[in-house]
Every structure is written in C-alpha cells, then in structure tokens.
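Reading through the structure tokens given below for one structure.
First the proteins, then the strands, lettered A, B, ... as listed; each starts at 1. Owing to the predicted nature of the structure, the values given are computational and were not obtained by experimental measurement.
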Protein chains: 2
Amino acid sequence: MTSPERPESAPVAARSGVRAARAAMSGRPAGSRPTSRDVASAAGVSQATVSLVLGDKWRGRVSERTAGLVREAARELGYRPNLAARSLRLGRTRTALLVVPAMTSEFFARVYAGAAKVAAEHGFGVVLYPSPEGIGPARDPFDSARTALDGVIASSMAAGALAPIRGSDLPLVMLDSDPGEPGPAAHVNLDIADGVRRLTEHLLGLGHRRFLHVAADVDSWTFVVRARAWADALAGVPGAELRTVRAALGVDSGREAAEQALRAPGPRPTALVCDDDFLAAGACKAAHRLGLRIPDDVSVTGFDGLTLATALEPELTTLALPAEQVGARGMAALLAVLEGRPPETGDLPVSLAVRGSTAAPRPA
Amino acid sequence: MTSPERPESAPVAARSGVRAARAAMSGRPAGSRPTSRDVASAAGVSQATVSLVLGDKWRGRVSERTAGLVREAARELGYRPNLAARSLRLGRTRTALLVVPAMTSEFFARVYAGAAKVAAEHGFGVVLYPSPEGIGPARDPFDSARTALDGVIASSMAAGALAPIRGSDLPLVMLDSDPGEPGPAAHVNLDIADGVRRLTEHLLGLGHRRFLHVAADVDSWTFVVRARAWADALAGVPGAELRTVRAALGVDSGREAAEQALRAPGPRPTALVCDDDFLAAGACKAAHRLGLRIPDDVSVTGFDGLTLATALEPELTTLALPAEQVGARGMAALLAVLEGRPPETGDLPVSLAVRGSTAAPRPA
DNA sequence: CGTCGGAAGTTATACGTAACACCTAGGGAG
DNA sequence: CTCCCTAGGTGTTACGTATAACTTCCGACG
C-alpha cells in the first residue's frame, strides 16, 4: 500500500529523464532527501530492483538496460542511501572507533590520517573516541561513541584503559602495544628495538659513552619498550654508561628533568637520548640554560620524528616513526579481521634521521 | 506477532532481577545486543513504555515504580539504544561534521577537541571530513561522510571549497572565515585585528620600525585578515615601514623566504612578524644561518600560540589563539541553530604572549 | 447512577534499506 | 503438448526505535 499523498506514479513515464525524476519526488516534504523508492518510481521499477542495482548485486538478475535506467534515475535525483537505514538493516555500520590518548599530538593525528585514508578507500569511516587530554584511563567509550561500531583500533593506550572495549566483543586492533597482551584480533607494532640499536650505533660511532635517557614517566607500552631498547642496546658495550631520568610528557618537564640531571655531580653525560621530540626540545633548552652548546658540548636525540624536530635549531636527530603507516596498517588489519582474512603481521621499520643535534663529543 | 524463537516471556517474572533479564534474552543469537523489547519483557512492560522511560518522556504517563523497574532492567541487561534505529526513526543523527584543512595541525586538532567536548555534553558526536592534507578545494564531503549529518562546522576553509555543503541545505557554521560571506547560519571569529594591534604596540614600544611580514601564501580568509591587520596597525605610524614576503606553509619555506628577505640590500628589518608559529620557526632558522641572534639582532613573532612556540629557544612571542574555544563556540552555535535559538555572537579575544624572541633592537 | 476524565499503559505504525522467497513469460528439451 | 529452466523481475519482511492513537481502570462529580 502506498500512502495517499504519494500516488503510484505510472512506471510508463520512465524514459523522460529529469521530468520523471521530479515527478517521482512530488508530494514529498520539501527538505527531504530522495529514497530508493523515489528512484524506483522514477526509473519505473520496484524498490527491490533499485537496491539490487545500486548494491552491485544485479548480475544475472537485472537486465543491463534496466540497470542503466536505475543508475541514471539515481543520478538525476541525487540519491544517497540513508546510512542509518542501511546500518539498521545490515547490523553493520562500516565505522571504526579510533582510541588515542590525545588527538592534539601530531603523532596521533597522523595515525588518524593514515587510518582514515585506508578506511575511506574501503567505504569505511573512522570516529574518534573523544578522550580527555593526556594518556590515562578512558571512560566507557560506548557511552559517548556516536555510532554503532564494527571494530576498534586502540593506539598506545595503557593496558587497563581498554577494559570496557574488551567486554564488548568487538574486534580490536592494538597499535604500538604489548604484543603479549591477549585479546586483540591483531597487533601493529614498530621495530623500536632495531631503531634504537641503529641510533645507539650512530652515537657510539661518534664517540659517546655517557648516555642520559630522558624517559617519559607515563604508563604506556611504547615507553616501556623504549627504555628496554636503550638498556639492551648499551648492554655489554665496554665503557658505556646509561643513566635514566624520568619526566612527564611535555617540553617543560623535559627541560626540568634534563637540567637537574646535567647539574648533578660527577661526569656529565654527553648524549641526551629522549623519549620523544618534545622532551628533546626541553633537553635542548636545559642545555642552553647551562651554557652548553648543541651539539658541541652535548648531543641530543628525539623520538617520533615530528615537525618539531626540524623546527628546532639545530634540527633534531631523531627516530622517525611512520605514524601514517601505523594507522593505515591498523585499519587494514581491522578490515582483514572483519572479512575473516588473516591480518598482515611483522613490525614496521622506523627510520633514523641524523641531523644537527648530534656530533662527536669534545674530548674532555 | 512475536517470532517463534522469542516466546512472549511471561511478564509475571518481572521481579526477579538478573534471572528475568537473562530469560528475556534467551533464544537470541549470541553476539547480539539487547533491544528495547528485551528490556521490556524483562521488566514486564511493553516496548513503548521502555522507550518512554528511557527517553525521559514518562512524566505523568508511567508510574514511578514502573519507571524504576524499566531502568533496572536496562541496567541489568546493559542495554544501549541502537543509534541507527533511532536516527532512522527521528531523521536526525545528533552528529556534526567538522571540516578542517588538516587535522595534523595542532591548531585544528584543538578546534576539534573543543567542539567534541561541547558536543559530548549535549549527546552529540563530531565526525571529521577526511580531507587530504593541505588547505585546498575539498572533494564532495557527502561522498565520504560516514553518517547522515545534522549540521556542518567548517574552519578556515577557502571560500570555494564549501560549495557542496552550501548545496546541501544543512545548517552551516563557519569558523575564522569571512563574516561577509552569506549563507552560514552563524560565524565564529577571532578579534585578530585587536591582537595584532597589541602586538604591534609591543614591538613599537621596544623601538622597532622596520617590519617584515612573513605572510602565508595560502588562499584562506584568516591570512587575508592577518595581512590587513598588520597594514592597518602600522598605517600612519611615523617612520614605520612594513615589507611583506610570501611563503608557503611550513618551517622550510618560512626559512627560505625570511633568509632571502634578510639578505636583500637596504636597511635590514628588525622585526620578523610571521603568519604562524611554524613560519616563525623558519624565520628563526634563517636568522641563525645569517649569524643574527634572536632577539638581540632581530625580533621574531609567531601566530597561533602552539606548543612549538614554547619549544623553541628562545621561546616565541606570539598571538595565542583560543583554538578550543573556537571549536567549542562553533559547536555551541550549531546546537543553537538546530534548536532554533539565536547563536551567540561577538569575536573571541586573542591573547598576546610576550616571550624571549622579542626585545629592543640594537641601535644601528 | 451515569459519565467524565485523568493515570497508566498498550497497540500499531513508519522511518529506508537489503535480501529472501516468490512470480511470470518465453523457450528448449523430451 | 507438457514440463522445466532461466532470465528478469516484484512483493514482503525485518532491522529497533519513537510516538500518535487507542484502551482500560478507577475515582470523583453532577
């Protein structure tokens, strides 16, 4: 039964293009978008046929000519499928949730960009978990997640923060997180150890032996790995010495921590290896305050390879992480899981960017 | 009619808590989430009543006791409304689209954060238009927008880029854009002119007279305003001279442009006023290359007030824009428009952050 | 004593899509 | 001549929600 104000417009009018299209829409409230039924009556076919054609499932079920008519009618009317209706029908939303500690960090913004790009190529969307700033326990993401979700990608989150996601039986992909953690359908990790090893070789080659690790004092897997990587890379190197000082994230606390360590008695470290580029910027400021020149008096290295690294003077030697690739691969893994395919494995390589902030230490 | 595998479970069992709740879900496919109908049969009421209670529209229509039963049943079952179904029914999605030139810019990430916060407080979500990097003409946002939308917030977009949105009859709020532009339901702008005036006074007070404006060579309203603001602020100041050099966005092109201008013959500018903090970082590098010290030989100012400004050595004097507030107010304006209220008007103030990169010029 | 009205629900429906099951005509095989 | 098969569709349903319209019960009032 059709409602009275939308009469069974005669399928006969099918071949007159825009006129028929307009006619099919007549009697509708003005602002409303055309539905598949409008397309159907404009093309002179049933709604089911429209759905088949536009859903690309018509091979052998609809004639080439009819399919053409349908597509043209859809174009004329500017038809867009109602995603709410589609999601309701299918029980899937083609939407993934990306959970990151802080979107205002360039790193995670780039992860998002990578994930969104791959998602878009597959007709998927990415929504963000609107988390408060800072790495920390997240509130229940499903209280605020706007859309029903097909899956979740979580980047560098503290282990405990994801409990609510765990309980939701959604496919979960974890980025840059403990690969031993059970539960996630896939992991995407970086070969941090290899990068740190190469960075260490670079510094050792320049003659550095006394290292100060400015470590991020944050409960995140990635920083655990970084700390371990430095320890491992320097273990067994004759004469090498590694001290560690912890600092909260941010330029200021990096400066404070480095300044305090540089003022400490005893032989001064010649290489300040920092857990991210912001901490490294802080370390540079600390050195500056103490009248030390970079890289002549002290070398500084960053981590992540953000824009900041090349904005500083001198530019930072840093380990550049392929943030977009991390996001892209995370999304690809999620798509694979959703389609029942095995996700790609293997760690992503990081690249060593040698710049002006490292040089041979002056002979004492 | 109920489907055979979901029998009309007797409303009698209503008072036995979890057991009844579980019973109401029996016979359902395992992974599926409970629906309002499951809550209804667990509470021993009809689905309509559940909808009334949880939708907070039950005053005078449902007894206090029944409402309590319904809420408890919903809690027991972990019921979440199906947003797709709700959107389909209501024709509204409680979702806004935020269109920004580039999410990897800290400024726009902060705009997003501000908008998302206000949105969340009102049960709204924010999705991003997955735009390619860089300010430029966007593709049709509705091809890729995942969700049906209730409105659009566009920040600092080139005028032409929004044509498809214009055609969509969705409420549009524009941030930091030409207020003369007709169409948008609301504008949120910054009092750039005032900020530049104060920054100019600061520099004039220090004794600067020769200004070099490192201008962003980008077709965006915000940079048009900035250029005009410098010209206006210095117009009529005796002895003041304003030169302009254009540069693409980014540290490197800022450095190149500034370097070239500083090498030019004639009296050297003493103040490099830059269109954003990244260009300013480039200007600092340019000065460094020429052996000029900041702020002794030349002062440099930024724009935006990003983290970068305090990561540099010396820290940048800059105009700090309240990015979160811009986003928050944009979202608030959109909500107002959607509810038929008049949006708040009036420009947001910017604050002058005086730091180490500006000082009195040395007497020639 | 009739009935009016509010309180407390319930029944039924529509939103737009995808897909299953069904239908019809025409042609070829037996 | 009958039967069946295939191409090319159509009719119908369900997804989960919000809400308009209806029902029922009960107390009060004329």
Practice problem: Write down the distance between CZ (A:R80) and C1' (C:dC15), rounded to a whole number of angstrom. | Solution: 21 Å

Self-check item: Rounded distance (Å) that lies between atom C1' of C:dA7 and atom CD of B:E64
Solution: 14 Å

Exercise. Just call it for A:L90: base, sugar-phosphate, or nothing, with non-hydrogen atoms closer than 4.0 Å on any strand.
Key: sugar-phosphate

Quiz item: When the distance from NZ of A:K57 to C1' of D:dG9 is rounded to whole Å, what number comes out?
Solution: 18 Å

Quiz item: Rounding to a whole Å, what distance do you find between A:L88:CG and D:dT13:P?
Solution: 17 Å

Self-check item: Contact under 4.0 Å: A:S36 side-chain N or O vs C:dG16 OP1/OP2
Solution: no

Exercise. Take the protein atom CZ of B:R59 and the nucleotide atom P of C:dG9, then report the distance between them rounded to whole Å.
Key: 15 Å

Quiz prompt | Side chain of A:Y79 - closest among D:dT10, C:dT17, D:dT17 | solution = C:dT17

Quiz item: Does A:P171 reach the side chain of A:L338, with side-chain heavy atoms less than 4.5 Å apart?
Solution: yes

Quiz prompt | Spacing of B:R37 atom CZ relative to C:dA12 atom P, expressed in whole Å | solution = 12 Å

Exercise. Count the heavy atoms belonging to other residues, nucleotides or ligands that lie under 6.0 Å from CD of B:E339, then report whether that count exceeds 12.
Key: yes

Quiz item: Taking A:R110 for the side chain and A:G327 for the main chain, is one N or O donor matched with an acceptor at less than 3.5 Å?
Solution: no

Quiz item: For B:S51, which contact category applies under a 4.0 Å heavy-atom criterion: base, sugar-phosphate, or nothing?
Solution: base

Quiz item: NA contact type, B:S46, heavy-atom cut-off 4.0 Å: base, sugar-phosphate, or nothing?
Solution: base

Quiz item: Rounded to the nearest 0.5 Å, how far apart are CG of A:L98 and CZ of A:F108?
Solution: 9.5 Å

Practice problem: Nearest 0.5 Å please: distance from the CG atom of A:L334 over to the CZ atom of A:F124. | Solution: 7.0 Å

Quiz item: With nearest nucleotides of DNA chain C determined for B:A85 and B:T66 from heavy-atom distances, which residue corresponds to the more 5′ nucleotide?
Solution: B:T66

Exercise. Please tell me which of A:R61 and A:Q47 maps to the more 5' nucleotide of DNA chain C, matching each residue to the nucleotide holding its nearest heavy atom.
Key: A:Q47

Practice problem: May I ask you to say what A:R86 touches in the nucleic acid, namely base, sugar-phosphate or nothing, with a heavy-atom cut-off under 4.0 Å? | Solution: sugar-phosphate

Quiz item: Roughly how many Å is it from CG in B:D38 to C1' in D:dT17, rounded to a whole number?
Solution: 13 Å

Quiz item: Picking from D:dG9, C:dT10, C:dG16, which would you name as closest to the side chain of B:L52?
Solution: C:dT10

Exercise. May I have the distance from A:R92 (atom CZ) to D:dG16 (atom P), rounded to whole angstrom?
Key: 14 Å

Quiz item: Phosphate oxygens OP1/OP2 of D:dG9: is one of them under 4.0 Å from a side-chain N or O of A:S63?
Solution: yes

